[in-house]
Amino acid sequence: MNRRNFLISTAAAAQTAVGQSSTDRVATGMIGVGNRGSYLLKAVMAQADARVVALCDNKPDRLDKAATAAAKDNPATMTDWRKLIDRKDVEAVYIATPPFLHAEMAIAAMKAGKHVYCEKPIGTTPAQIRELLKVAKQTNKVFVSGQQMRSMLQVGNAIRKIQDGAIGDILFVKAQRHASADLAYDGPSGDWYFDYKKSGGYLLEQSVHNLDACNWVIGQHPIRAAGFGGINLYKGKPAGRDIMDHQSLVYEYANGVKLTFTQMVFHPRKMPVNNQTINVFGSKGSVELLYSTNFYPLDGGEPTVLSPKVDEPGDAHIRAFYDCVRKGAKSPADVTIGATAALTAILGNEVCRQGKVIDWKDLGVEV
Ligand SMILES: NC(=O)c1ccc[n+]([C@@H]2O[C@H](COP(=O)([O-])OP(=O)(O)OC[C@H]3O[C@@H](n4cnc5c(N)ncnc54)[C@H](O)[C@@H]3O)[C@@H](O)[C@H]2O)c1
């Protein structure tokens, strides 16, 4: 390609709409190539219709490692994320930085005309999420939030069957996300994880997946929540820590369904209860949603599998992102889904922090 054609095609690339990538391989830039970002990079490199043109991380060692992993695409590297977003040759941007940075970066990327894959949670405050929703709805670009459970076929098939009446009316959901230990204090995310303003704590940073699946199966977001939480085991670890190590929550939905949700980081690994569960109770019986999808009839009959395990080679959520960009497919986790998931976790955090029942509408965000 001569220089003139190159300039024309790169300028056009910045203006492509959904389903109209200017090239066969979507020019992709990645901001944040730490733990998750390096996984995403690998998954992007495995897509035949993607090429990595730019990488950004403010830690030079991570940037170097990512550049080596992406060497076949010879990407430009930079430590300033705004420079990546300013590049005309970048059509799609991945954001895998700490949570408090997501909304600002995603908004800037969308305003610059990029398609966006934004890791969860898509924001850490109602104000960030309100602004992100507004901007996303004004663009005709793809937005996929990193709520990748939405692309898991077995869970999705089970939820469709539940919504078609397989367990009768949904009455109650009991879910949890437990871990056996705190995240490593000197680990790759130790410099932001224990600061509530940066991560939103375990509930927002991790349980946002599980809460999203609960909303998905119930078919709506909660209308209010109550709960308690605190730090019982890891007080002062690390110094300045202000994220909780346990929370016990109840969410109420407009259709009368209640969700009880617990999060903790001292659930022994060998304790014979899955550390992550979503049990959905219906008028005909209940389903364990995350692993077996076993359906247990209320009449005492033998359990049956609601949704058989499906072999899913590669990363279905990343694949879905490029299908959105190149073929105009529907986003599996659009901005409304990402926003609703994050707000559900923020509501759960707020009830514990403020020590009172809080209504969804008091978050002040229309989803
Ligand atoms: N979808 C999933 O299953 C999943 C799994 C793990 C993590 N995540 C999400 O991915 C995000 C990152 O988590 P992680 O575990 O990779 O953390 P991490 O700390 O390993 O990586 C974050 C990276 O962002 C970089 N960074 C920070 N500020 C930056 C800035 N201003 N400009 C450029 N780079 C910057 C850091 O240097 C680091 O390399 C979080 O939001 C997390 O919730 C999602």
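Atoms within each ligand, like the ligands themselves, are counted from 1 in listed order. Positions are given from 1, in the same order as the sequence printed here.
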Arg36 contact mode with ligand 1 (heavy-atom cut-off under 4.0 Å)
both
Heteroatom distance test (Asn35, ligand 1): nitrogen or oxygen, under 3.5 angstrom
yes
If I apply the N/O under 3.5 Å rule, does Asp191 come out as touching ligand 1?
no
Record the part of Lys120 in heavy-atom contact with ligand 1 below 4.0 Å; permitted values are side chain, backbone, both and neither.
both
Inter- and intrachain pairs under side chain to side chain donor-acceptor pair (under 3.5 Å), touching residues 161-171, at least two apart:
none
Side chain, backbone, both or neither: Gln147 near ligand 1, heavy atoms under 4.0 Å:
neither
Is the closest N or O pair between Trp81 and ligand 1 shorter than 3.5 Å?
no
Would you indicate which of Ile95, Asp57, Thr79 comes nearest to atom 39 (O) of ligand 1 when only heavy atoms are counted?
Asp57
Sequence neighbours excluded - salt bridge (charged side-chain N to carboxylate O under 4.0 Å, His left out) pairs with any residue from residues 203-225
Lys120-Glu205, Arg150-Asp212, Arg224-Glu252
Mind checking whether Gln206 has a heavy atom under 4.0 Å from ligand 1?
no
Does the pair Lys59/Asp191 count as a salt bridge with the N-to-O cut at 4.0 Å?
yes
Is it the side chain, the backbone, both or neither of Tyr39 that has a heavy atom closer than 4.0 Å to ligand 1?
neither
Give a yes or no on this: more than 12 heavy atoms of other residues, nucleotides or ligands lie within 6.0 Å of atom CZ of Phe266.
yes
Report, as yes or no, whether the 6.0 Å neighbourhood of atom NZ on Lys137 holds more than 12 heavy atoms from other residues, nucleotides or ligands.
yes
Lys/Arg-Asp/Glu bridge criterion (N-O < 4.0 Å) met for Lys361, Asp359
yes
I want to confirm something. Looking only at heavy atoms, which of Glu119, His317, Glu104, Glu205 is nearest to atom 42 (C) of ligand 1?
Glu205
Arg353 to Tyr196, cation-pi by 6.0 Å centre distance and 45° axis angle
yes
Given Gly34, Ser38, Ser145, which has its nearest heavy atom closest to atom 21 (O) of ligand 1?
Gly34
Check ion pair Arg36-Glu119 (N to O, under 4.0 angstrom):
yes
